[in-house]
Amino acid sequence: MRDLRIAIIGAGMAGILAAIRLHQKGLKNITVYEKADRLGGTWRENTYPGLTCDTPSHHYTYSFERNPDWTRYLPPGDEIQAYFERTADKHGVSQLIRFNCEISKLDFVDRKWQLQLTNGETDRADAVIAATGVLHHPSHPNIPGMDVFKGATFHTARWDHSVPLEGRKVGVVGMGSTGVQIVSALAGKAEKVVHFVRNPQWIMPVDNGYYSEEQRELFRNNPAALAKEMDLEGYASNVQQYTLCLTQPDSDTAKQWQQACYDNLEHSVPDAELKERLRPDHTPMCKRLIFSPDYYQAIQHPQARLVRADISHIEPEGIRTSDGELHELDVIALATGFRTDRFMRPMQIVGRGGLDLETYWAERPQAYYAIAMPDFPNLFMLNGPNGPVGNFSLVEIAEHQWHYIDQLLDKLQSGECREISPTREASEQFNEERIQAAKSTVWYTGGCNSWYLDAQGIPSSWPWDFERFVREMSEPRYADYDMR
Ligand code: NAP
């Protein structure tokens with residue numbers, strides 16, 4: 001068995017998973033490179049008021065480290081961050097992480113990846129695991145006048161906690177899950193919350209109840225009670241149904257999910273005029289569904305206001321909309337999402353024969369089964385392009401992907417080969433099938449623009465159902481791999 005040197009890039013949920021799994025496998029020569037000073041990825045960077053994951057808490061955990069201590073049905077951001085920190089400590093991988101170390105370049109030279117760090121250091125690894133995240137690079141809108149605003153402005157992933165909110169007028173731009181969670185958290189707390197919404201989104205109701213101390217005690221002491229709460233089979237079936245709604249938007253199941261969104265708006269907002277202003281013009285699930293227990297209530301709060309007019313520009317006193325109205329504000333929070341086409345970039349990645357990732361991704365980011373790319377041997381991605389991203393646990397997705405990657409690493413470890421990457425033919429065929437399938441999904445047919453679409457307007461996420469994903473991740477199709 002070869003003693004592989006493996007570099008993991010990113011100490012978020014997926015990078016920690018990879019480190020723990022390699023550590024459990026007995027591999028000793030592992031380094032996790034993390035550009036920030038703390039692990040946690042998304043959950044380190046997002047600290048905005050109301051931060052919550054919309055996946056049930058007990059499913060937003062690693063399969064080998066369940067957490068009986070979640071306080072709510074949907075996990076609050078600070079509990080998720082604490083969970084990842086203590087899990088990394090408990091499994092002995094915290095000391096494998098090198099913080100404040102950003103990789104600027106990966107170069108495949110003499111069957112090894114050569115790593116260049118921004119601090120001038122270098123390293124060499126037999127394999128690289130890119131766990132660099134999806135929703136990572138903030139998307140800043142180009143609104144004229146941003147620099148003349150007298151108050152505070154920040155992107156929601158860079159929340160400035162030194163700025164007080166109580167007694168202040170807060171503008172929130174954007175109605176993805178982030179904007180919805182912030183408006184729900186601030187309505188009634190800030191003097192005024194003004195929600196600037198260009199296109200409203202559909203909202204699925206969810207009961208975000210609390211777990212009592214008695215329940216948590218029970219989960220701690222009784223694995224059967226925790227297993228019952230988790231109901232793995234029921235959850236898997238829900239995820240499968242959900243993905244069928246995405247891939248078969250005209251099916252009866254999809255119609256039921258859509259109806260639940262229509263009913264939520266219908267029954268939660270009595271005011272007919274407000275209801276119409278909150279009504280999206282696309283099919284539910286075309287954009288990633290928002291699960292919220294309280295947004296419709298929050299936006300009806302006397303100190304909250306929905307603004308549908310387009311933003312014209314920003315002035316020293318606030319935001320001026322296209323109808324001429326000036327909305328006076330003290331704080332502007334940009335809940336305007338992320339640049340979801342970045343993935344491993346801005347790292348420069350040069351594979352076999354000098355092939356540059358920018359060239360390979362010139363048309364769109366793509367990866368064979370979301371894991372690997374031809375001519376970039378021994379480079380494997382977790383939550384890379386074309387993988388499933390949606391209203392389900394990305395922890396579970398990463399675990400399935402790890403199961404697959406682990407089998408590729410076995411080929412390197414056993415010495416069966418020194419380089420492994422999918423063939424060009426297999427990658428092209430996968431990509432063609434994927435694009436064809438993507439055109440039947442609700443992301444494509446549902447009449448909306450969203451971050452699921454690539455620059456060519458093709459949905460970039462996994463376009464098939466969840467069961468197919470699990471099946472494909474169970475074992476690589478080795479005939480599709482070039483092993484040298
Ligand atoms: P997002 O879903 O991409 O939403 C961005 C919002 O900003 C949209 O409403 C968009 O409007 C608006 N926007 C962008 N540029 C604008 C501009 N120039 N002027 C006015 N409005 C503008 O971003 P997000 O809410 O941060 O969410 C990102 C992803 O993270 C989503 O998939 C979200 O579901 C996920 N997320 C998940 C959780 C969770 O609980 N798991 C929590 C938070 C976020 P248009 O629709 O008109 O483009």
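- Residue pairs meeting the disulfide bond (SG atoms under 2.5 Å apart) criterion with at least one member in residues 18-47, sequence neighbours excluded, do not occur.
- Ring geometry for Y481 versus Y404: interplanar angle of 30 to 60°, hence tilted.
- When all heavy atoms are compared, the tightest approach of P249 to A254 is O-CB, 3.3 Å.
- Taking the six-membered ring for Trp, W451 and F338 have ring centres at least 6.0 Å apart.
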inquiry  = Checking D252 against Q256 for the side chain to side chain donor-acceptor pair (under 3.5 Å) test, could you report, in this order, the C-alpha distance in whole Å, the side-chain angles of both residues, the deciding distance, and whether it holds?
reply    = CA-CA 6 Å; D252 287 346; Q256 284 166 16; over 6 Å; no
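- Ring geometry, F392 versus F466: the interplanar angle falls from 30° to 60°, so the pair is classed tilted.
- In terms of modelled atom types and a separation under 3.5 Å, the side chain of D107 and the main chain of V109 share no donor-acceptor contact.
- Remark: S421 pairs with R352, P377, D482 by the side-chain contact (heavy atoms from CB on, under 4.5 Å) rule, at least two apart or across chains.
- Remark: K255 pairs with no residue by the side chain to side chain donor-acceptor pair (under 3.5 Å) rule, at least two apart or across chains.
- Residue pairs that meet the disulfide bond (SG atoms under 2.5 Å apart) test with at least one member in residues 369-424, sequence neighbours left out, do not exist here.
- In this structure S268 satisfies the side chain to side chain donor-acceptor pair (under 3.5 Å) test together with N264, sequence neighbours excluded.
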task = Would you sort out whether R5 and T31 count as a side chain to side chain donor-acceptor pair (under 3.5 Å), showing the intermediate values?
result = CA-CA 8 Å; R5 164 126 189 90; T31 299; 2.7 Å; yes
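- Pairs passing the disulfide bond (SG atoms under 2.5 Å apart) check and including a residue from residues 453-484, sequence neighbours excluded, do not occur.
- A tilted orientation is assigned to the rings of Y48 and W159, their planes being inclined by 30° to 60°.
- Using a distance-only test at 3.5 Å, with no hydrogens or angles considered, a donor-acceptor pair links the side chain of E34 to the main chain of A36.
- The main-chain N or O of G50 is found under 3.5 Å from a side-chain atom of T52 such that the two form a donor-acceptor pair.
- Closest heavy-atom contact between D54 and L289: OD2-O, 4.2 Å.
- If you look at F108 and F376, their ring centroids are not closer than 6.0 Å.
- The two residues R111 and N378 come nearest to each other via the heavy atoms O-ND2, 4.4 Å.
- N67 is linked by a side-chain contact (heavy atoms from CB on, under 4.5 Å) to T61, D69, W70, Y83, R86, counting only residues two or more places apart in sequence or in another chain.
- Residues passing the ring-ring contact (aromatic ring centres under 6.0 Å, His included) test with Y369, sequence neighbours excluded: F430.
- Both tests pass for K411 against the ring of Y478: distance under 6.0 Å to the centre and angle within 45° of the axis.
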key: Candidate pair Y368 and D480, rule side chain to side chain donor-acceptor pair (under 3.5 Å), full reasoning   = CA-CA 10 Å; Y368 172 80; D480 284 354; 2.6 Å; yes
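- For N431, the side chain to side chain donor-acceptor pair (under 3.5 Å) test picks out Q366, R434, with sequence neighbours left out.
- Under the disulfide bond (SG atoms under 2.5 Å apart) criterion, the residue pairs touching residues 428-474 are C286-C448, with sequence neighbours excluded.
- Within the structure, salt bridge (Lys or Arg N to Asp or Glu O under 4.0 Å) contacts touching residues 380-408 (residues at least two apart or in different chains) are R21-E399, K25-D406.
- Aromatic rings from H58 and F219 are positioned such that their centres are separated by under 6.0 Å.
- The side-chain hydrogen bond (donor to acceptor under 3.5 Å, both in side chains) analysis of residues 132-141, with sequence neighbours excluded, yields the pairs K35-H136.
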